[in-house]
Asker: 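Quick one: the structure is below, questions incoming.
Bear in mind the structure is a predicted one, so any value in this text is a computation, not a measurement.
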Amino acid sequence: MVLAISFLEAPLKFRAPGVTVPIGLGIGRIVFRALNVVEGVLALVIAAALVIAAPPVRVLIPLCLAIAMLVIQVALVRPRLSKRSDRVLAGEELPRSHAHVAYVALELVKVAALLTGGVLLLA
């Protein structure tokens with residue numbers, strides 16, 4: 001889901017005919033809010049499974065890292081992005097946001113951590 005939305009849908013929607021920045025931002029807010037809700041539910045499931053199964057530390061670390069990245073995104077970065085998108089939707093023209101770069105970086109770490117944790121669980 002993270003790969004499909006963050007690295008495929010998000011950048012491509014702005015290339016679609018007729019999609020303006022305000023429309024793209026509006027769509028993005030809805031999509032990322034839904035993604036973060038689903039990620040939150042899945043993070044709770046993962047956390048419960050980690051408590052019940054008590055996997056080795058080599059598995060625990062990347063999965064906890066992925067959960068931590070989600071918490072940082074939702075608690076610290078998304079509120080900044082929301083404030084910025086409010087300003088853009090109100091008509092302000094703003095340069096690219098550092099918070100956006102931080103969100104993408106956290107997504108990359110989260111994906112790597114999820115992949116690592118999944119592979120280690122299968123190993």
Side-chain angles (χ1 to χ4, degrees):
M1 285 177 23
V2 173
L3 289 172
I5 291 175
S6 293
F7 300 107
L8 194 60
E9 180 274 338
L12 288 178
K13 78 173 155 258
F14 289 101
R15 294 185 181 165
V19 175
T20 63
V21 171
I23 290 171
L25 286 175
I27 293 167
R29 289 173 103 170
I30 293 167
V31 169
F32 276 93
R33 188 177 305 123
L35 172 64
N36 290 153
V37 167
V38 172
E39 284 180 308
V41 170
L42 293 174
L44 290 173
V45 170
I46 289 171
L50 293 175
V51 169
I52 293 168
V57 173
R58 66 186 175 93
V59 172
L60 191 62
I61 290 172
L63 294 178
C64 287
L65 178 63
I67 293 170
M69 296 301 98
L70 175 62
V71 170
I72 292 168
Q73 285 178 310
V74 171
L76 300 177
V77 182
R78 265 200 67 222
R80 290 181 183 171
L81 289 172
S82 291
K83 286 179 186 176
R84 183 182 184 284
S85 64
D86 286 342
R87 291 174 60 194
V88 171
L89 291 170
E92 284 187 58
E93 290 194 29
L94 301 171
R96 198 137 172 103
S97 157
H98 294 301
H100 185 259
V101 173
Y103 195 92
V104 172
L106 291 166
E107 286 286 72
L108 288 169
V109 172
K110 185 169 57 179
V111 167
L114 287 169
L115 289 171
T116 301
V119 167
L120 290 172
L121 276 171
L122 294 173

Asker: Working to the nearest 0.5 angstrom, can you tell me the gap between S97 OG and Y103 OH?
Answerer: 12.5 Å
Asker: Atom SG of C64 and atom CE of M69: how far apart are they, to the nearest 0.5 Å?
Answerer: 11.0 Å
Asker: Pair R29, L89 - check side chain to side chain contact (heavy atoms under 4.5 Å, CB included), show working.
Answerer: CA-CA 11 Å; R29 289 173 103 170; L89 291 170; 3.2 Å; yes
Asker: Please report the closest heavy-atom contact between M1 and L35, naming both atoms and the distance.
Answerer: CE-CD1, 3.6 Å
Asker: Are L42 and L44 connected into the same hydrophobic cluster when the rule is that any two of I, L, V, M, F, W, Y join if their side-chain heavy atoms are below 4.5 Å apart?
Answerer: no
Asker: To the nearest 0.5 Å, what is the distance between CG (L120) and CZ (R58)?
Answerer: 5.5 Å
Asker: Establish whether L114 and V109 are linked, either directly or via other cluster members, by ILVMFWY side-chain heavy-atom contacts under 4.5 Å.
Answerer: no
Asker: Check for me, please, whether V119 and L65 land in the same ILVMFWY cluster - side-chain distances under 4.5 Å, paths through other members count.
Answerer: no
Asker: Just how far is it from atom CG of L25 to atom CZ of F14, taken to the nearest 0.5 Å?
Answerer: 5.0 Å
Asker: Would you compute the distance between atom CZ of R33 and atom OG of S82 and round it to the nearest 0.5 angstrom?
Answerer: 7.0 Å
Asker: What do you reckon, is CD of E93 surrounded by more than 12 foreign heavy atoms closer than 6.0 Å?
Answerer: no
Asker: Restricting to non-hydrogen atoms, name the atom on V59 and the atom on P62 that form the minimum distance, rounded to 0.1 Å.
Answerer: O-CD, 3.2 Å
Asker: Give the cluster check for V19 versus V31: same hydrophobic cluster or not, with ILVMFWY residues linked at side-chain heavy-atom distances below 4.5 Å.
Answerer: yes
Asker: Please step through side chain to side chain contact (heavy atoms under 4.5 Å, CB included) for the pair Q73 and L81, ending with a clear verdict.
Answerer: CA-CA 10 Å; Q73 285 178 310; L81 289 172; over 6 Å; no
Asker: Looking only at non-hydrogen atoms, find the nearest pair between R80 and A99 and report the distance.
Answerer: CB-CB, 4.1 Å
Asker: Over all heavy atoms of both residues, which pair between S6 and A10 is shortest? Give the atoms and the distance, please.
Answerer: O-CB, 3.8 Å
Asker: Nearest 0.5 angstrom please: I72 CD1 to I67 CD1, how far?
Answerer: 12.5 Å
Asker: Would V101 end up clustered with V88 when hydrophobic side chains under 4.5 Å apart are linked, directly or stepwise?
Answerer: no
Asker: If you compare all heavy atoms of F32 against all heavy atoms of E107, which two are closest, and at what distance to 0.1 Å?
Answerer: CE2-OE2, 4.4 Å
Asker: If you count heavy atoms of other groups shown closer than 6.0 angstrom to CZ of R84, is the number above 12?
Answerer: yes
